[in-house]
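Lettering of chains follows the sequences in order, A, B, ..., and the numbering in each one begins at 1.
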Number of protein chains: 2
Amino acid sequence: MNQLVNIEQVQLQCKKTQSAAKLLGVSSEQKKNEILKSMSDLIEKNRLAILEANKIDLERAEQSGLSRAMIDRLTINETTIRQMQQALNQVANLADPLTSSYPEVVQPSGIKVTKKRIPLGVILMIYESRPNVTVEAAALALKSGNGIILRGGKEAFESNQAIAQCWREALIDNEMSADTVNVLNSTDRQLLDQLLKLDQHIEVVIPRGGEGLIRHVVANSHIPVIKHYKGVCHLYVDEMADLNMAIDILINGKTQRPGVCNALEGLVVHQVIAKQFLQQAFQALHLKDVQMFGCAETIEILPSIDKAREEEFLAEFLDLKISCKVVKNIDQAIDFIDQYGSGHTEVIVTDSQQNADKFVNRVDASVVMVNASSRFSDGGELGLGAEIGISTSKIHAYGPMGLESLTSEKFVVRGNGEVRS
Amino acid sequence: MNQLVNIEQVQLQCKKTQSAAKLLGVSSEQKKNEILKSMSDLIEKNRLAILEANKIDLERAEQSGLSRAMIDRLTINETTIRQMQQALNQVANLADPLTSSYPEVVQPSGIKVTKKRIPLGVILMIYESRPNVTVEAAALALKSGNGIILRGGKEAFESNQAIAQCWREALIDNEMSADTVNVLNSTDRQLLDQLLKLDQHIEVVIPRGGEGLIRHVVANSHIPVIKHYKGVCHLYVDEMADLNMAIDILINGKTQRPGVCNALEGLVVHQVIAKQFLQQAFQALHLKDVQMFGCAETIEILPSIDKAREEEFLAEFLDLKISCKVVKNIDQAIDFIDQYGSGHTEVIVTDSQQNADKFVNRVDASVVMVNASSRFSDGGELGLGAEIGISTSKIHAYGPMGLESLTSEKFVVRGNGEVRS
């Protein structure tokens, strides 16, 4: 049951997770993989209990009139169970990020300086209705040597508690502290705000969810926050573009999975090819039921579509909708993206090396792509192995975050009695 | 004159710095070095104006009864002027951090993924009485392609404005926007708090000063903060230590410059060598007028010294004082440092490779040293070329921060029309 817990209790729990994280941080890769393997087995073994708990959450969700999309995210079934197991095995197969080695450089003073990769310590993950995060985020934290405090949404409370029980067993079975993965048993908002002040125990907060939740966390946290507010990704079709390629990339980016943050929300078209391309685009988008919103120049070419207001240019639709803007040249395209993009992913389609380089150098986004779909902006597709989240601020990490983003580096100095003069 | 400025004006200034930073971020290394060179010349040329402005600050400081240490930090003289020029030339000689190259990896989808190093954007530097920061922090920001907003203390107001005038000329002489280096002309506290909310224009805040100022910034900022609260650095003298080496490292760490954050504040001694070492240490420290505070075991050996309370074990003395603790073994030393250290710099003196490795692996500090003085914990000495600050949180940077800490990385993807299936 969702408990009323006071801050002293939670602070004590965080301290315990901090101590547990220290032990985990110096554990072998084998030990960490064994925990992940046990967890996979325990999820299988406790399948029915997890499904039962999820059923309670789903019944409550139906009663409280949660949206279909939210209920989808909340639902656990046999497929989801297998996906959780796959995720655990996948993370176990990733390289341990703490094993990277650094050169040792002798300084003029004689001291030898190198670095060592280390875990962050304790991660606080704040998320909404997806119970799979309780498995996957914790798996990534564990593999990188970090303790984790998981604060899921109240909608997924029972599911998260059932998964938490598996984590406890997996840790204890491997002689590690059950506090290493700490699934909070309260979803109280005020408690969350107090948690966000505990910078002596927690190293970083990663919120995942709606922009409102994330802004609330940023405004109230004394702990560093790694976040992305939204993904407003654009495709710029250059005058030198292969237009068929541009259509493929447009349709894939907009329609393959419209509800995710790397889906396209805006189309920017060079005026020279605007007429031909926009007519082709209109037909292709129309077939996929995508609604277009255009600037004045777009509407001259496509009089049947809606006018794009400032609101549409700024929108993260997460839906079958797209805004369109005709620009005079690549510079204007870059300025437009600068103004309306969210720093997530921006794509150019062009055959001009010069324009591609200009776009890559000047566009300020965590992922800049030439002639490829924005949908590749994902930890797995970019070669990170897995993804704990995305950062659209440039501090610590920028873009999809893999295991290495859950680590830091310390300096290691070896000397022979050197002192400073 | 210190102006009353409203937040709209400051927001406009920040926006201008943001635009200016975009141009700087794509400027050549040569251009950036030319600005630094011009600045060095202009500081020479406007020497008298700077000294005159500093005189006004110093007179006000004397009247308001500022401490001798504060007045020292505030004072500009011919030597300080030359040091500012040297710092500018030194930064110009450092490698441009944006030129680092990354391998390109082909993913199973066919896309080619690489990274590109980029500036952060706009840095907000908040500091107290040292006007040299107005030169040095801006130089590092410029070299790494960042705009900077400098908010110095009211004590140094006139000095900072005189230096700001040099920056404006140096930028304009090189056809760059004068807004690139933005020295605020108000030191109002409320305005600062509003500035800390402008995360749409500012990428990172670096506060330098007393713990009170830094905690205030952390509690009020919506922008990521990179900071260190204090440096409580320890020397652990292991049972396997060369005791003469340990004495040298102790005296250097404690007395060479007691007022800095990498000075030693605590001595931890293995019980087996405690009697011999503490007596040697007492004599050596006594010669340098260092006051010792000891745990019960220390006082058994050195009955004349003061008892260390919790307060002394936690203290960043920044003075000729040191706390002493006798421990049973290296594990207890590591636990003690874990409890009382500040994550800045921790030193072991030992001849045992095994104990050295244990200390390096298990001590949680940004710089861990074996047989070398804590005073080497400095950007210059560690090979970073220069230092903009120190981070004792593990997010983004840990330890002394050089030019690279003022940058981030974006993903660059090149494809041939790949879409996601």
Side-chain angles (χ1 to χ4, degrees), chain A residues 22 26 105 107 109 111 113 116 118 120-121 199 203-204 218-219 222 224-226 242 245 248-249 251-253 256 338 356 360-362 364-373 375-377 381-383 393-396 398-400 408-421, chain B residues 22 26 105 107 109 111 113 116 118 120-121 199 203-204 218-219 222 224-226 242 245 248-249 251-253 256 338 356 360-362 364-373 375-377 381-383 393-400 408-420:
Chain A
K22 286 194 174 137
V26 292
V105 180
Q107 297 300 320
S109 62
I111 61 171
V113 178
K116 188 175 159 50
I118 52 172
L120 293 176
D199 57 354
E203 203 69 25
V204 67
V218 167
H222 291 192
V225 181
I226 298 182
D242 173 334
M245 183 194 285
D248 289 348
I249 287 175
I251 296 302
N252 189 249
Q256 197 229 2
D338 199 40
V360 163
N361 288 330
R362 290 206 16 222
D364 181 14
S366 68
V367 185
V368 186
M369 298 187 165
V370 181
N371 298 336
S373 170
R375 293 278 297 114
F376 289 113
S377 187
E381 296 292 335
L382 294 175
S393 123
K394 299 190 189 82
I395 300 305
H396 190 72
Y398 194 34
S408 186
E409 298 166 333
K410 66 181 173 190
F411 288 93
V412 175
V413 175
R414 288 191 175 83
N416 195 21
E418 285 84 353
V419 295
R420 198 160 160 193
S421 52
Chain B
K22 286 194 175 141
V26 292
V105 180
Q107 297 300 320
S109 62
I111 61 171
V113 178
K116 188 173 158 50
I118 53 172
L120 294 176
D199 57 353
E203 203 69 26
V204 67
V218 166
H222 291 192
V225 181
I226 299 182
D242 173 335
M245 184 193 285
D248 288 347
I249 286 174
I251 296 302
N252 190 250
Q256 196 230 3
D338 200 40
V360 163
N361 288 331
R362 289 204 18 220
D364 182 14
S366 68
V367 185
V368 186
M369 298 188 165
V370 181
N371 298 336
S373 170
R375 292 277 298 115
F376 288 113
S377 186
E381 296 292 335
L382 295 175
S393 124
K394 299 190 189 80
I395 300 305
H396 191 71
Y398 195 33
S408 186
E409 296 166 334
K410 66 181 173 192
F411 288 93
V412 175
V413 175
R414 288 191 175 84
N416 195 21
E418 286 83 354
V419 295
R420 197 159 160 192

N/O donor-acceptor pair under 3.5 Å between A:Lys410 side chain and B:Lys394 backbone: no
What part of A:Gln256 is in contact with chain B, defined as an atom under 4.5 angstrom from a non-hydrogen atom: side chain, backbone, both or neither? side chain
Quick check for you: to the nearest 0.5 Å, what is the distance between A:Asn252 atom CG and B:Arg420 atom CZ? 9.0 Å
Chain B heavy atoms under 4.5 Å from A:Val370: which part of the residue, side chain, backbone, both or neither? both
Heavy-atom proximity to chain B below 4.5 Å, by part of A:Ser377: neither
Could you give the distance from CD (A:Glu203) to OG (B:Ser393), rounded to the nearest 0.5 Å? 5.0 Å
Contacting moiety of A:Ile111, where chain B heavy atoms sit under 4.5 Å: side chain
Among B:Ile226, B:Asp199, B:Asp338, residue most engaged with chain A (heavy-atom pairs, under 4.5 Å): B:Asp338
Heavy-atom pairs under 4.5 Å with chain B - which of A:Val225, A:Val204, A:Val105, A:Asn361 has more of them than the others? A:Asn361
Residue part contacting chain B, namely of A:Ile118, when any heavy atom lies under 4.5 Å: side chain
What closest approach, in Å, do A:Ser408 and B:Tyr398 show between heavy atoms, and which atom pair accounts for it? OG-CB, 3.6 Å
Would you mind checking which part of A:Asn371 comes under 4.5 Å of any heavy atom in chain B, side chain (CB onward), backbone (N, CA, C, O), both or neither? both
Taking side chain as everything from C-beta outward and backbone as N, CA, C, O, which of these in B:Met369 sits under 4.5 Å from a heavy atom of chain A? Side chain, backbone, both or neither. both
Based on non-hydrogen pairs under 4.5 Å, which of B:Glu409, B:Met245, B:His222, B:Lys116 is most in contact with chain A? B:His222
So, the part of B:Gln107 with a heavy atom under 4.5 Å from chain A: the answer is side chain
Which bit of A:Ser366 comes within less than 4.5 Å of chain B, counting heavy atoms only: side chain, backbone, both or neither? backbone
Taking only residues two or more places apart in sequence or in another chain, which ones pass salt bridge (charged side-chain N to carboxylate O under 4.0 Å, His left out) with A:Asp242? none
Counting heavy-atom pairs under 4.5 Å with chain B, which one of A:Ile395, A:Val218, A:Val113 comes out on top? A:Ile395
Applying a strict 4.5 Å limit to non-hydrogen atoms, the region of B:Val413 in contact with chain A is both
Contacting moiety of B:Val26, where chain A heavy atoms sit under 4.5 Å: side chain
Side chain to side chain contact (heavy atoms under 4.5 Å, CB included) between B:Arg414 and A:Val360, intermediate numbers included: CA-CA 10 Å; B:Arg414 288 191 175 84; A:Val360 163; 4.1 Å; yes
Name the member of B:Gly399, B:Gly253, B:Ser109 that forms the most heavy-atom pairs with chain A at distances under 4.5 Å. B:Ser109
Chain B contacts, top residue of A:Ile249, A:Leu120, A:Leu382, A:Asp248 (heavy-atom pairs, under 4.5 Å): A:Leu382
I need the residue from A:Ala219, A:Pro400, A:Gly383 with the largest number of non-hydrogen atom pairs under 4.5 Å to chain B. A:Ala219
With only heavy atoms counted, which part of B:Ala365 is less than 4.5 Å from chain A, the side chain, the backbone, both or neither? backbone
